[in-house]
Undergrad: 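Let me begin by handing over the structure; questions about it come next.
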Amino acid sequence: MEMKLEVLVLPVADVEVAKAFYEQVGFHLDHDIVRSPEFRVVQFTPPGSNTSILVGSGLTDAAPGSVQGLHLVVTDIAATREELVARGISVSEIFHDEDTFFHRAGTAHNVDGPNPRTPDYGTLASFVDPDGNGWFLQQINDR
């Protein structure tokens with residue numbers, strides 16, 4: 001059996017603000033379809049990804065900003081962070097969890113800098129969209 005994750009729906013309060021943000025991040029605008037004032041679908045795909053996100057109206061009853069823990073896998077976290085900051089995106093400093101290769105909710109266990117124990121999976125940075133939907137950059141070169 002084969003399954004592929006195709007799309008994630010992100011709840012947002014203002015579609016135009018979300019659209020401008022994800023364009024600023026550098027996601028590719030695939031579609032912007034307005035069927036009525038109550039139903040609009042805006043699809044973006046991160047560069048190099050096969051999975052897209054949807055923002056819009058009439059897509060979900062979830063509260064804007066309620067999606068957390070989305071991961072964008074990158075090969076060079078420092079360069080990606082630098083590019084996003086240059087685009088005007090507020091990105092955290094690079095960090096790792098104090099005693100695991102992943103990360104836990106919150107920031108209590110975050111330690112500044114790349115993970116010295118593992119170059120892959122354990123080095124992160126984070127940002128949020130205008131509604132508070134939370135994203136992580138995660139460096140992975142060798143699976």
Side-chain angles (χ1 to χ4, degrees), residues 1-85 87 89-111 113-143:
M1 178 168 54
E2 182 176 292
M3 295 183 197
K4 296 179 181 178
L5 182 61
E6 181 67 21
V7 71
L8 299 168
V9 177
L10 298 183
V12 299
D14 186 315
V15 179
E16 288 301 322
V17 170
K19 181 180 176 185
F21 176 81
Y22 286 106
E23 287 177 324
Q24 185 178 355
V25 170
F27 286 18
H28 179 264
L29 176 62
D30 301 318
H31 306 284
D32 186 350
I33 302 166
V34 179
R35 294 287 184 223
S36 73
E38 296 81 31
F39 187 69
R40 180 178 178 185
V41 178
V42 183
Q43 179 175 320
F44 286 98
T45 303
S49 181
N50 291 322
T51 303
S52 299
I53 64 165
L54 296 180
V55 298
S57 52
L59 301 178
T60 179
D61 291 330
S66 61
V67 175
Q68 300 299 311
L70 298 164
H71 282 65
L72 295 169
V73 172
V74 300
T75 58
D76 185 335
I77 197 165
T80 302
R81 181 188 177 283
E82 185 177 298
E83 182 173 338
L84 288 174
V85 169
R87 290 172 173 262
I89 306 302
S90 179
V91 183
S92 76
E93 295 297 327
I94 294 170
F95 67 91
H96 65 280
D97 189 275
E98 65 188 354
D99 63 2
T100 182
F101 72 94
F102 204 60
H103 61 86
R104 294 174 256 194
T107 59
H109 300 279
N110 291 358
V111 177
N115 190 320
R117 295 180 306 280
T118 175
D120 293 315
Y121 296 93
T123 298
L124 304 133
S126 62
F127 67 94
V128 296
D129 74 8
D131 288 288
N133 293 303
W135 292 89
F136 288 97
L137 302 175
Q138 181 180 39
Q139 183 168 291
I140 302 175
N141 286 293
D142 187 21
R143 292 186 179 267

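Start at 1 with the first residue, then count along the sequence.
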Undergrad: Among I53, L54, D30, which one satisfies side-chain contact (heavy atoms from CB on, under 4.5 Å) with V7?
TA: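 So the option named by the test is L54.
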Undergrad: Atom OG in S52, atom CZ in F44: separation rounded to 0.5 Å?
TA: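 One finds 10.5 Å between OG of S52 and CZ of F44.
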Undergrad: Tell me the closest heavy-atom pair linking G122 and N115, and the distance in Å.
TA: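 Heavy-atom minimum between the residues: O-CB, 3.5 Å.
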Undergrad: Give, for atom CG of L124 and atom CD of Q138, the distance between the pair rounded to the nearest 0.5 Å.
TA: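 That separation rounds to 5.5 Å.
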Undergrad: If you count the non-hydrogen atoms of other residues, nucleotides and ligands that lie under 6.0 Å from CD in E82, is the total more than 12?
TA: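 Not more than 12 within 6.0 Å, no.
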Undergrad: Any donor and acceptor pair, going by atom type alone, linking the side chain of H96 with main-chain N or O of G113 inside 3.5 Å?
TA: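 Yes; at least one donor-acceptor contact below 3.5 Å.
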Undergrad: F27 vs W135, test: ring pair (Phe, Tyr, Trp, His ring centres under 6.0 Å). Steps then yes/no.
TA: CA-CA 13 Å; F27 286 18; W135 292 89; 5.7 Å; yes
Undergrad: Are any of the side-chain heavy atoms of L29 and E23 separated by less than 4.5 Å?
TA: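 Sidechains of E23 and L29: in contact.
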Undergrad: Is R81 close to Q139 at the side-chain level, that is, under 4.5 Å between some pair of heavy atoms?
TA: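 With C-beta onward as the side chain, the pair stays apart.
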Undergrad: Please confirm whether the backbone N or O of R87 pairs with a side-chain atom of Q24, one donor and one acceptor, at under 3.5 Å?
TA: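 Here the side-chain-to-backbone pair exists.
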Undergrad: Return yes if some donor-acceptor pair links the side-chain N/O of R35 with the main-chain N/O of V41 below 3.5 Å, else return no.
TA: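 Not a single qualifying donor-acceptor pair exists.
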Undergrad: Could you measure the distance from the CG atom of L10 to the CG atom of L70? Nearest 0.5 Å is fine.
TA: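 Here the rounded value is 6.0 Å.
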Undergrad: State whether the side chain of Q68 and the backbone N or O of G65 hold a donor-acceptor pair below 3.5 Å, judged by distance alone.
TA: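 Yes, the answer is positive, given that a donor and an acceptor are paired below the 3.5 Å cut-off.
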Undergrad: Give me the atom names and distance for the closest heavy-atom approach of L137 to I77.
TA: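 Smallest heavy-atom distance, with atoms named: O-CD1, 3.5 Å.
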Undergrad: State the OG1-CG distance between T107 and D97, to the nearest 0.5 angstrom.
TA: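 Reported to 0.5 Å precision, the distance equals 11.0 Å.
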Undergrad: State, yes or no, whether a side-chain contact exists between L72 and F127 at a heavy-atom distance under 4.5 Å.
TA: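 Of all side-chain heavy-atom pairs linking F127 with L72, at least one is under 4.5 Å.
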Undergrad: Report yes if some heavy atom in the side chain of N133 is under 4.5 Å from a heavy atom in the side chain of V12; otherwise report no.
TA: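 A side-chain contact under 4.5 Å exists here.
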Undergrad: To the nearest 0.5 Å, what is the distance between CG on N141 and OH on Y121?
TA: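 The distance works out to 10.0 Å.
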Undergrad: So, for S57 and P37, which heavy atoms are closest and what is the spacing to 0.1 Å?
TA: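 Looking at all heavy atoms of both residues, the shortest contact is OG-O, 4.2 Å.
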Undergrad: Out of curiosity, T51 OG1 to L5 CG, how far, rounded to the nearest 0.5 Å?
TA: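 If we round to the nearest 0.5 Å, T51:OG1 and L5:CG are 4.5 Å apart.
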Undergrad: Regarding D32 and R40, does a basic nitrogen lie under 4.0 Å from an acidic carboxylate oxygen?
TA: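 Salt bridge flag = yes for R40 with D32.
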Undergrad: Which heavy atom of V42 sits nearest to which heavy atom of V15, and what is that distance?
TA: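 Heavy-atom minimum between the residues: CG2-CG1, 3.8 Å.
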Undergrad: Give a yes or no on whether N50 atom CG has more than 12 heavy-atom contacts from other residues, nucleotides or ligands under 6.0 Å away.
TA: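 For N50, atom CG is not crowded (no more than 12 foreign heavy atoms under 6.0 Å).
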